[in-house]
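Working notes, structure below.
Values below: every heavy atom of this structure, side chains too, minus hydrogens, waters and symmetry copies.
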Amino acid sequence: MKRTKIAEILRTEPIDTEVVVKGWVKAFRNNQFIALNDGSCAANLQVVVDFENTDPALIDRLKYGAAIGARGQLIESQGKGQRVEVKAAELTIYGDCNPEEFPLQPKRQTLEFLREHAHLRFRTSTFAAVFRVRHALAFAIHKFFHERGFYYMHTPIITGSDAEGAGEMFSVTTLPLNKVPMDENGAVDFSQDFFERATNLTVSGQLEAELGALALGEVYTFGPTFRAENSNTTRHLAEFWMIEPEIAFADLHDNMDLAEAMLQYVTNFALEHCKDDLAILEERLLNEEKTKPQHERSEMSLTEKLRFVVENNFERLTYTEAIDILKNSNPNKKGKFQYPIEGWGADLQSEHERYLVEKHFKKPVILTNYPAAIKAFYMRLDDPKEGVPGPTVSAMDILFPGIGEIVGGSQREERYEVLRKKMQEMDIPETELYWYLDTRKFGSCPHAGFGLGFERLVQFVTGMNNIRDVIAFPRFPGNAEF
RNA sequence: GCCUCAUUAGCUCAGUUGGUUAGAGCGGCGGACUGUUAAUCCGUAGGUCCAAGGUUCAAGUCCUUGAUGAGGCGCCA
């Protein structure tokens, strides 16, 4: 007989039919009640064992974590706490689970402990919920773009360009590391390498996505990204997933509208499709915050926060306006900022971003038109504007409470000469990026795009504080286990 | 990379001013109970106090160095 997933049984409740369920034992109570979970949903199904007519040796193997199957009638539950249960006629043990050796215990475990047992942490209700929500968000992203006529574009993982300027890169090579061939100048002779040139893992698919957008109109990438930065924070990974839409015939405002609509769409998708999982995560967050002092606790519950983002427009303001607000803010006047706001031109520190998002506006914020000097070469130079002390670019960063920067994007510099000049100023070799410049030479048009850190989105929606807890096997400095 | 804090039983933690035999809860194991819901009740085993060195009559406790973990900052998504 074919097994039925527990999600299906709980949805359709086929009372008085025989079912086969298979899953892992989450609890075995009173010598007769198995809480069975098969990962298809957050809820467990209760399997009732007739302990008086079942082999005691078999009952003895119904340990926490064991993989089992049960065949029997689905009946209305004879007890409280659940609507239906399976009256087991036959039990099968697929995989025993020795409780003396199994690292997980049927009790609360710290996230730090589970992080060190990442191969088993899917078995916990928290991580099962996180990864189901992660799936839902990934699916929602594809759905959102597909519905809007975007094409999903696969940009290369291995890149020959080291001029993308988005951070330190991981080298890709088949050269023998114990005997690297050198050329006559004493430099590594990459002509002997697999690709006959130096190659790296991608730090962004943006430049390639732009090429696609300038023919297909609207495209997006959704793939892994690698940064060899020595970053040790709760919001950085060496390997993470990024969504990078790129839209032709669009300016910064179209870009902001797209990003905001997308974040609201996928958040709403999770609210609608992951109710049980979000309930588990909300409860977890609530318990975690109980250990914090009152003033550090959030004013809203997890789902309230998500609903707030879906129902309210993001606050849009320019960098110049933000500097004004920060300069006149209480923490700046009272010297509370570690980095006081001196004036126009400096990059904002995370304490400043947090002040704007969490204290001043209390909602997601889109900051735009940053000084050109602190942003990437490909961002479009703005026309000079009265009251703005220096040149700016059509950049935008979306800041989320608790997460910080979740989106970074811009309108792209589409003017050939302006882009070339900018590249020269920033020491970006034209020969490396001739193909990028070509798009500005042949049928260039205004276009824009952004990068969304997928794990940061998952962090926001699940309420998990550490980015290492929203990806199955996190990669970070000193760690590539599993 | 920088700063701060932590490391004691399988897990989460307590351990007073440096003082005799290092404790608790949960989990495990054994038993009881049998419509339970983190089941409950009784009993029981379980320790390289992160590592190395030092101070001291005496170190889980103080000092030095290192390892690992966590948080903050920087880099960013």
Between [N] and [M], how far apart are the two [atom1] atoms, rounded to whole Å?
N	M	atom1	answer
B:U55	B:G71	C1'	32 Å
B:A32	B:U16	C1'	40 Å
B:U36	B:G25	C1'	22 Å
B:U12	B:A6	C1'	14 Å
B:C42	B:A24	P	15 Å
B:U64	B:A45	P	40 Å
B:U61	B:U56	P	16 Å
B:G1	B:C76	C1'	15 Å

Interatomic distance where [atom1] belongs to [X] and [atom2] belongs to [N] [whole Å]:
X	N	atom1	atom2	answer
A:Gln105	B:A9	CD	P	13 Å
A:Ile59	B:U34	CD1	C1'	11 Å
A:Asp60	B:C29	CG	P	8 Å
A:Phe222	B:A77	CZ	P	16 Å
A:Leu111	B:A70	CG	P	10 Å
A:Asn31	B:G30	CG	C1'	14 Å
A:Leu104	B:A38	CG	P	18 Å
A:Glu455	B:C76	CD	P	18 Å

Between [options], which nucleotide gets closest to the side-chain atoms of [X]?
X	options	result
A:Lys107	B:G74, B:U36, B:G10	B:G10
A:Tyr339	B:A39, B:C73, B:A77	B:C73
A:Gln32	B:G35, B:G74, B:U36	B:G35
A:Arg354	B:U36, B:C76, B:C73	B:C73
A:Pro99	B:C29, B:G74, B:C11	B:C29
A:Thr234	B:A39, B:A77, B:G72	B:G72
A:Glu112	B:A70, B:A77, B:G74	B:A70

Heavy atoms under 4.0 Å, any strand shown: does [X] hit a base, just sugar-phosphate, or nothing?
X	result
A:Ala27	sugar-phosphate
A:Phe240	base
A:Asn466	sugar-phosphate
A:Phe28	nothing
A:Gln459	nothing
A:Lys26	nothing

If you take atom types as modelled and just measure distance, does the side chain of [X] reach the base of [N] with a donor-acceptor pair under 3.5 Å?
X	N	result
A:Glu116	B:U68	no
A:Ser231	B:C76	no
A:Arg456	B:C76	yes
A:Glu52	B:U34	no

Whether A:Arg108 contacts B:G27 is assessed here as follows: a side-chain N or O lying under 4.0 Å from the phosphate OP1 or OP2. Is that the case?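 No.
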message = Under the criterion ring pair (Phe, Tyr, Trp, His ring centres under 6.0 Å), I'd like the reasoning laid out for A:Phe361 against A:Phe314: C-alpha separation, chi angles, the key distance, then a yes or no.
response = CA-CA 9 Å; A:Phe361 290 113; A:Phe314 298 0; over 10 Å; no
Next item on the list: Please check if any side-chain donor atom of A:Lys143 sits under 3.5 Å from a side-chain acceptor atom of A:Tyr265, or the reverse.
Entry: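 Short answer, yes.
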> Has A:Lys5 got more than 12 heavy atoms of other residues, nucleotides or ligands less than 6.0 Å from its NZ?
Replying inline: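 Counting other residues, nucleotides and ligands, NZ of A:Lys5 stays at 12 neighbours or fewer.
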Q | Atom CZ of A:Phe51 with >12 non-hydrogen neighbours under 6.0 angstrom | A |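 Check passes, neighbour count above 12.
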Could you tell me if the side chain of A:Leu399 sits less than 4.5 Å from the side chain of A:Lys363, heavy atoms only?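 Counting from C-beta outward, A:Lys363 and A:Leu399 never come under 4.5 Å.
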Only counting residues at least two apart or in another chain, list the ones meeting ring-ring contact (aromatic ring centres under 6.0 Å, His included) with A:Tyr152.
->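 ring-ring contact (aromatic ring centres under 6.0 Å, His included) list for A:Tyr152, sorted by chain: A:His142, A:His154, A:Tyr220.
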- Message: Going by the rule salt bridge (Lys or Arg N to Asp or Glu O under 4.0 Å), which residues pair with A:Arg134 if we only count those two or more places apart in sequence or in a different chain?
- Response: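 Per chain and number, A:Arg134 pairs via salt bridge (Lys or Arg N to Asp or Glu O under 4.0 Å) with A:Glu455.
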So that I can tick it off, tell me whether A:Arg121 and A:Asp469 are bridged by a salt bridge, with the cut-off set at under 4.0 angstrom between side-chain N and carboxylate O.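 Looking at A:Asp469 and A:Arg121, the cut-off is met.
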RNA chain B in dot-bracket form (Watson-Crick or G-U pairs under 3.5 Å, [ ] crossing, | inter-strand) is (((((((..((((.....[...)))).(((((.......))))).....(((((..]....))))))))))))....
Original post:
Between the main-chain N or O of A:Ala35 and the side-chain N or O of A:Gln46, is there a donor-acceptor pair closer than 3.5 Å?
Top reply: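 Checking the backbone N and O of A:Ala35 against the side chain of A:Gln46, no donor-acceptor pair under 3.5 Å is found.
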**Asked** Do the ring planes of A:Phe473 and A:Phe482 sit parallel (below 30°), tilted (30 to 60°) or perpendicular (above 60°)?
**Response**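 Tilted.
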